[in-house]
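One-based numbering along the sequence shown. Since we're looking at a predicted model, the values are computed, not measured.
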Amino acid sequence: MSQRISKTQCIAVYEIEENFFDALIESGLINVIQSEEEFYLEYDELDLLERFTYLHYDLEINVAGLEVIDRLLAQIKELQKHS
């Protein structure tokens, strides 16, 4: 089983708002696993959470902007594979 951290712990450790975390889930920017009544984020997804947290709180980019940035970065990676 892979290591994971609960939604509650993520919110406390990264000092983020619960509605921001929920918005990341709803937009598909992070993937969570539900177990009983708690949501969990796998450790290998933490870099995404950290990136989105930085962009949102430090650079004041909203969730829609994060979606665009994520899509563009994915396209760049895909183009780099084929060049």
Side-chain angles (χ1 to χ4, degrees):
M1 183 168 110
S2 61
Q3 292 186 324
R4 56 191 186 175
I5 182 171
S6 72
K7 172 184 170 179
T8 306
Q9 290 172 315
C10 284
I11 291 169
V13 169
Y14 291 99
E15 299 176 349
I16 60 176
E17 299 167 346
E18 184 174 2
N19 63 354
F20 173 65
F21 192 90
D22 292 340
L24 293 176
I25 295 169
E26 290 173 18
S27 66
L29 291 171
I30 59 173
N31 299 306
V32 293
I33 300 165
Q34 185 171 4
S35 178
E36 297 176 21
E37 294 185 18
E38 182 66 85
F39 290 97
Y40 293 92
L41 185 68
E42 292 190 5
Y43 278 5
D44 55 351
E45 293 259 327
L46 284 176
D47 60 332
L48 291 174
L49 178 63
E50 290 171 2
R51 180 185 323 144
F52 296 136
T53 298
Y54 166 74
L55 292 170
H56 179 71
Y57 288 102
D58 293 350
L59 301 180
E60 299 180 1
I61 298 173
N62 63 18
V63 175
L66 297 177
E67 291 178 49
V68 171
I69 290 168
D70 187 58
R71 192 174 324 112
L72 289 172
L73 289 173
Q75 289 176 349
I76 290 170
K77 286 180 184 177
E78 190 63 31
L79 289 171
Q80 287 175 339
K81 283 183 190 176
H82 298 296
S83 61

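In this structure, CG on Asp47 lies 9.0 Å from CZ on Phe52, to the nearest 0.5 angstrom. Note that the CD1 atom of Ile76 and the NZ atom of Lys81 stand 13.5 Å from one another [nearest 0.5 Å].
When every heavy atom of Tyr40 is checked against every heavy atom of Arg4, the shortest pair comes out as CB-CD, 3.7 Å.
Val13 and Ile16 end up in the same hydrophobic cluster when Ile, Leu, Val, Met, Phe, Trp and Tyr side chains are linked at under 4.5 Å. Criterion: ILVMFWY side-chain heavy atoms under 4.5 Å apart, direct or through other members. Under it, Val68 and Leu73 are not part of a common hydrophobic cluster.
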Result block: side-chain N/O donor-acceptor pairs under 3.5 angstrom for residues 53-60, not counting sequence neighbours:
from  : atom 1 : to    : atom 2 : distance (Å)
Thr53 : OG1    : Leu49 : O      : 2.7
His56 : ND1    : Ile61 : O      : 2.9
Tyr57 : OH     : Glu17 : N      : 3.0

Using distance only, find each side-chain donor-acceptor pair of residues 18-33 under 3.5 Å and give its atom names and separation, not counting sequence neighbours.
from  : atom 1 : to    : atom 2 : distance (Å)
Glu18 : OE2    : Lys7  : NZ     : 3.2
Asp22 : OD1    : Lys7  : NZ     : 2.6
Ser27 : OG     : Ala23 : O      : 3.0
Ser27 : OG     : Leu24 : O      : 3.1

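Under a 3.5 Å cut-off, the side chain of Gln9 and the backbone N or O of Ser6 do form a donor-acceptor pair.
Take Glu15 and apply the side chain to side chain donor-acceptor pair (under 3.5 Å) test, not counting sequence neighbours, and it matches no residue.
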